[in-house]
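Everything on this sheet refers to the single structure shown next.
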Amino acid sequence: MKAIVQDVYGNSDVLRLREIAQPVPGKGEVLLRIRAAGVDQGVWHLMTGLPYLVRLFGYGLKRPGVPVRGREVAGVVEAVGAGVTRFRPGDEVYGTCEGSFAEFVCAKEARLARKPSNLTFEEAAAAPISAVTALQAVRDAGQVSGQKVLVIGAGGGVGTFTVQVAKAFGAEVTGVCSAGKADLVGSLGADHVIDYTREDFSQGGVLYDIIIDTAGNRPLSVLRRALTPKGVLVIVGGEGGGKLAGGFQRSLGAPLVSLLSGQKLKGLVAKESFRDLEALTTLIEAGSVKPAVDRVFPLAEAPAAVTYLHEGKVRGKVVVSIQGT
């Protein structure tokens with residue numbers, strides 16, 4: 001089968017389209033014929049091995065432990081391994097795996113759910129990591145109905161979903177993004193949109209009950225200025241910063257700051273769960289959430305897709321299509 005493979009850490013030029021052996025499903029695994037794969041920020045981190053902190057999570061200290069890139073997936077069940085009970089060949093599913101930039105992949109049954117009936121494979125592939133992360137971030141913030149919620153990075157992969165999920169849960173949502181993404185964020189249901197190149201939300205005099213930061217590396221002190229005295233800050237991921245911990249040091253330090261204030265600050269550690277995928281499917285099929293797909297690249301151009309994502313101009317999500325490869 002064809003797959004995007006890397007042997008060493010580096011930028012997107014280390015990715016190569018190669019022919020490799022087709023995997024065989026083991027116990028509790030499902031063999032998928034992949035139709036599309038999402039490109040999330042984690043792809044760049046695993047490709048470069050940066051920050052070095054990610055290498056300690058079992059992905060390889062000196063070289064990639066998993067050679068095929070990509071983790072978000074949507075496809076059709078080709079075969080099932082021993083013990084699989086929720087799926088059978090022919091089922092259309094979406095979820096997460098290791099190595100979705102390929103024609104086939106083996107994924108754990110517990111990380112898959114049936115694909116939402118009203119989404120294309122490309123749209124479905126944009127959701128498993130980014131949308132589930134958004135769902136968990138909103139849920140982790142506590143009671144959001146009737147609350148003022150600020151979403152930083154509202155035009156990005158996780159941010160576009162966070163805006164929609166928060167609105168679906170009854171929040172008054174303000175999205176922070178660049179001018180080029182403002183129309184998209186407004187179309188997703190944000191009540192207010194702030195162009196961060198023109199306005200500093202921390203100096204605007206408005207205090208928010210909840211801030212969900214999905215982008216950038218603003219200091220905790222800046223974020224706290226925009227929070228109510230009892231407000232909640234949820235930090236998703238970590239971009240920027242040094243090579244050792246990147247932007248993740250804010251998540252590590254947030255709980256310590258919480259001990260000294262009435263505000264609740266925390267970093268989100270997203271968990272992959274088919275139950276959250278099923279909850280997401282309910283929101284999608286009800287029309288409350290819809291993936292925003294900026295561009296679709298063919299498999300051979302997956303390196304360009306990763307580069308495009310890392311440039312920071314993507315409106316929503318980037319997807320790699322494997323159909324017809």
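Reckoned from all heavy atoms, side chains included, excluding hydrogens, waters and symmetry mates. Small disclaimer: the values here were computed from a predicted structure and weren't measured.
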Which pair of non-hydrogen atoms, one from [X] and one from [Y], has the smallest distance, and what is that distance?
{"X": "Y94", "Y": "R114", "result": "CE2-O, 3.3 Å"}
{"X": "V80", "Y": "R88", "result": "CG1-CA, 4.3 Å"}
{"X": "D276", "Y": "Q136", "result": "OD2-NE2, 2.8 Å"}
{"X": "L277", "Y": "A113", "result": "CB-CB, 3.6 Å"}
{"X": "C106", "Y": "C97", "result": "O-CB, 4.3 Å"}
{"X": "V68", "Y": "F101", "result": "CG1-O, 3.7 Å"}

Practice prompt. Apply side-chain hydrogen bond (donor to acceptor under 3.5 Å, both in side chains) to H310 and Q41, showing your working.
Written response: CA-CA 8 Å; H310 190 59; Q41 287 289 352; 4.6 Å; no
Could you give the distance from [atom1] ([X]) to [atom2] ([Y]), rounded to the nearest 0.5 Å?
{"X": "D140", "Y": "I212", "atom1": "CG", "atom2": "CD1", "answer": "9.0 Å"}
{"X": "L150", "Y": "T162", "atom1": "CG", "atom2": "OG1", "answer": "11.5 Å"}
{"X": "I322", "Y": "R33", "atom1": "CD1", "atom2": "CZ", "answer": "12.0 Å"}
{"X": "L32", "Y": "E103", "atom1": "CG", "atom2": "CD", "answer": "13.5 Å"}
{"X": "Q143", "Y": "I210", "atom1": "CD", "atom2": "CD1", "answer": "8.0 Å"}
{"X": "R16", "Y": "R69", "atom1": "CZ", "atom2": "CZ", "answer": "14.5 Å"}

Taking the side chain as every heavy atom from C-beta outward, state whether [X] and [Y] have any pair of such atoms under 4.5 Å apart.
{"X": "Y9", "Y": "V14", "answer": "no"}
{"X": "F104", "Y": "I34", "answer": "no"}
{"X": "L309", "Y": "V43", "answer": "no"}
{"X": "V5", "Y": "I20", "answer": "yes"}
{"X": "N118", "Y": "K290", "answer": "no"}
{"X": "V93", "Y": "V77", "answer": "yes"}
{"X": "L31", "Y": "V24", "answer": "no"}
{"X": "F161", "Y": "P291", "answer": "yes"}

Answer yes if [X] and [Y] sit in the same cluster of Ile, Leu, Val, Met, Phe, Trp and Tyr residues linked by side chain heavy atoms under 4.5 Å apart, and no otherwise.
{"X": "L135", "Y": "F274", "answer": "no"}
{"X": "V319", "Y": "L299", "answer": "no"}
{"X": "L188", "Y": "L280", "answer": "yes"}
{"X": "V318", "Y": "W44", "answer": "yes"}

Counting N and O atoms only, with roles assigned by atom type, does the side chain of [X] sit under 3.5 Å from a partner on the main chain of [Y], one being a donor and the other an acceptor?
{"X": "D191", "Y": "V173", "value": "yes"}
{"X": "E72", "Y": "I129", "value": "yes"}
{"X": "T307", "Y": "P303", "value": "yes"}
{"X": "E123", "Y": "V293", "value": "no"}
{"X": "Q6", "Y": "V8", "value": "yes"}
{"X": "D209", "Y": "K148", "value": "yes"}
{"X": "K115", "Y": "L119", "value": "yes"}
{"X": "D213", "Y": "A215", "value": "yes"}

Worksheet item: Centre of Y308's six-membered ring, under 6.0 Å away, within 45 degrees of the axis: is that where NZ or CZ of R295 sits?
Response: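 So R295 does make the cation-pi contact.
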Discussion item. Could you check whether atom CZ of F297 has more than 12 heavy atoms from other residues, nucleotides or ligands sitting under 6.0 Å from it?
Written reply: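 Counting other residues, nucleotides and ligands, CZ of F297 exceeds 12 neighbours.
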Discussion item. Using the rule given for side chain to side chain contact (heavy atoms under 4.5 Å, CB included), can you reason through V30 versus E78, listing the C-alpha separation, both sets of side-chain angles and the distance that settles it, and then say yes or no?
Written reply: CA-CA 8 Å; V30 173; E78 190 81 0; over 6 Å; no
Worksheet entry | Derivation and outcome, salt bridge (Lys or Arg N to Asp or Glu O under 4.0 Å), residues D183 and R315 | CA-CA 10 Å; D183 60 332; R315 291 162 50 95; 2.9 Å; yes
Worksheet item: When you look at V149 and Y208, which way does the side chain to side chain contact (heavy atoms under 4.5 Å, CB included) test go after all the steps?
Response: CA-CA 6 Å; V149 176; Y208 298 91; over 6 Å; no
Item to complete: Share the residues that join F121 in a hydrophobic cluster, the rule being Ile, Leu, Val, Met, Phe, Trp or Tyr side chains under 4.5 Å apart at the heavy-atom level.
Response: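 Answer for F121: V76.
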Discussion item. Hydrogens and angles aside, do S117 and E285 bring a side-chain donor and acceptor to less than 3.5 Å of each other?
Written reply: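 Note: S117 and E285 side chains meet the donor-acceptor criterion.
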Worksheet item: S130 and K317: side-chain donor and acceptor closer than 3.5 Å?
Response: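 Side-chain D/A pair, S130 to K317: present.
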Worksheet item: Can you list the steps and then say if L15 with M47 is a side chain to side chain contact (heavy atoms under 4.5 Å, CB included)?
Response: CA-CA 8 Å; L15 301 179; M47 178 185 73; 3.7 Å; yes
Which side-chain N or O atoms in residues 151-158 pair as donor and acceptor under 3.5 Å with protein atoms at least two apart or in another chain?
none

So that I can tick it off, tell me whether [Y] and [X] are bridged by a salt bridge, with the cut-off set at under 4.0 angstrom between side-chain N and carboxylate O.
{"X": "E278", "Y": "R86", "value": "yes"}
{"X": "K108", "Y": "E29", "value": "no"}
{"X": "R18", "Y": "D7", "value": "yes"}
{"X": "R71", "Y": "E98", "value": "yes"}

Discussion item. For a side chain to side chain contact (heavy atoms under 4.5 Å, CB included) check, start with the C-alpha distance between F169 and Q164, then their side-chain angles and the critical distance, and finish with the verdict.
Written reply: CA-CA 9 Å; F169 285 10; Q164 296 177 82; over 6 Å; no
Without placing hydrogens or testing angles, list every side-chain donor-acceptor pair under 3.5 Å for residues 219-230, not counting sequence neighbours.
residue : atom : partner : partner atom : Å
R224    : NE   : Q263    : OE1          : 2.6
R224    : NH2  : Q263    : OE1          : 3.4
T228    : OG1  : G231    : N            : 3.1

Discussion item. Can you tell me which residue among L268, I211, T214, L265 is in a side chain to side chain contact (heavy atoms under 4.5 Å, CB included) with V234?
Written reply: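 The residue from L268, I211, T214, L265 that satisfies side chain to side chain contact (heavy atoms under 4.5 Å, CB included) with V234 turns out to be L268.
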